[in-house]
2 protein chains.
Amino acid sequence: MPLKRRKSRVPPPMPACPLTECMALLGGAWTPNVIWYLNGEARRFSELRADIPRISAKVLSGRLRDLEDKGVVTRKVMATSPPSVEYALTALGRELVPAIQAIVDIGHRLKRRKAA
Amino acid sequence: MPLKRRKSRVPPPMPACPLTECMALLGGAWTPNVIWYLNGEARRFSELRADIPRISAKVLSGRLRDLEDKGVVTRKVMATSPPSVEYALTALGRELVPAIQAIVDIGHRLKRRKAA
DNA sequence: TTATGAGGTATCCGTCCGGTAACCGGAGAA
DNA sequence: TTCTCCGGTTACCGGACGGATACCTCATAA
């Protein structure tokens, strides 16, 4: 009883599917969290560390550099003492927020249900 | 001698953040793709491999096992010869689709813009 | 007889992540 | 003066994760 191969139901994903395209920006540990907490005003490195308690300084610093390279965040060094650094979303970064919002919404529902 | 800050003895309250809560289900390489291609009808292992050409068998089988453990997909062995296995989304899995849809939508916009 | 296909597992190896520690230059404390 | 702290970053190390390839079982097809 041979199985017939069912055709792919989905539009040709090939030369870089939209999911992959967007995940290239959202991928990497803690990336959605970083973008999420940058929504709204700019935020300093140590503020982000407080926002995301379980991220290590190394990973946060790496993530911010990656996101800067990809054009998702901007980095501005403030002439304070000691110098502090402010990060903010670019227009591209703000476009990613709705996707993270959708994830957060689902997370809220999951939590509410687990409480019951 | 000042009092040293005591380290919290219990692991930090993990599921505080809705984003983390939901990312626990979506995290891991290729996870959004797998859920995306399972939306709609059930799909077999080799069909998923064709849907997601760049995933390796090891990672796909690992992802499917993880998702089954988390209650996102079901696994059904069909009594064919050779036996085939069908995977499908659970109700929980279907709840995750809107978030992936949002990511896909943004990916479409990014691609369209890049073409220009 | 060999090949093929389904649904994986075994193995190797490179990259990523997390934790710790150190760094730097200036400001305040001892 | 010397100590220490502070914000941001980097170097080092060990472990987990992901990619590539090979292999396995069973049964039909060429």
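Letters A, B, ... mirror the listed sequences (proteins, then strands); counts begin at 1.
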Please tell me if the side chains of [X] and [Y] come closer than 4.5 Å, counting only heavy atoms from C-beta onward.
X: B:Leu48; Y: B:Leu64; result: yes
X: B:Ile106; Y: B:Arg109; result: yes
X: B:Met78; Y: B:Arg44; result: no

So, is [X] near the phosphate of [N], with a side-chain N or O under 4.0 Å from OP1 or OP2?
X: B:Ser61; N: C:dT9; value: yes
X: B:Arg63; N: D:dG19; value: no
X: A:Ser46; N: D:dG8; value: yes
X: A:Trp30; N: C:dG18; value: yes
X: A:Tyr87; N: D:dG7; value: no

Taking [atom1] from [X] and [atom2] from [N], how many angstroms apart are they, rounded to a whole number?
X: A:Asn33; N: C:dC17; atom1: CG; atom2: P; result: 13 Å
X: B:Ile55; N: D:dC17; atom1: CD1; atom2: P; result: 16 Å
X: B:Leu64; N: C:dG8; atom1: CG; atom2: P; result: 8 Å
X: A:Glu47; N: D:dG7; atom1: CD; atom2: P; result: 10 Å
X: A:Leu48; N: D:dG8; atom1: CG; atom2: P; result: 9 Å
X: B:Met23; N: C:dC17; atom1: CE; atom2: P; result: 12 Å
X: A:Asp66; N: D:dT10; atom1: CG; atom2: P; result: 11 Å
X: B:Met78; N: C:dA6; atom1: CE; atom2: P; result: 15 Å

Can you identify which nucleotide, out of [options], has its nearest atom closest to the [X] side chain?
X: B:Lys58; options: D:dG8, C:dG7, C:dT11; value: C:dT11
X: A:Arg65; options: D:dC6, D:dG19, D:dT10; value: D:dT10
X: B:Ser84; options: D:dG8, C:dA6, C:dG8; value: C:dA6
X: B:Val59; options: C:dC17, D:dG18, D:dG8; value: D:dG18
X: A:Ala29; options: D:dG18, C:dT9, C:dG18; value: C:dG18

Discussion item. Mind checking if A:Arg49 touches a base, just sugar-phosphate, or nothing, with heavy atoms under 4.0 Å?
Written reply: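 Here A:Arg49 touches no strand at all.
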Worksheet item: Which is true for B:Gly62 with a 4.0 Å heavy-atom rule: it touches a base, it touches only sugar-phosphate, or it touches nothing?
Response: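 Nothing, no nucleic acid heavy atom in range.
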Fill in: Along DNA chain D (nearest heavy atom to each residue), the more 5'-positioned of A:Ala57 and A:Pro82
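Result of the comparison: A:Pro82.
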Worksheet item: Within a reach of under 6.0 Å around NZ of B:Lys76, are more than 12 heavy atoms found that belong to other residues, nucleotides or ligands?
Response: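 No.
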Item to complete: Look only at the side chain of A:Thr31 and the backbone of A:Gly27, and say whether a donor-acceptor pair between them is shorter than 3.5 Å.
Response: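 Flag set: sc A:Thr31 to bb A:Gly27 pair under 3.5 Å.
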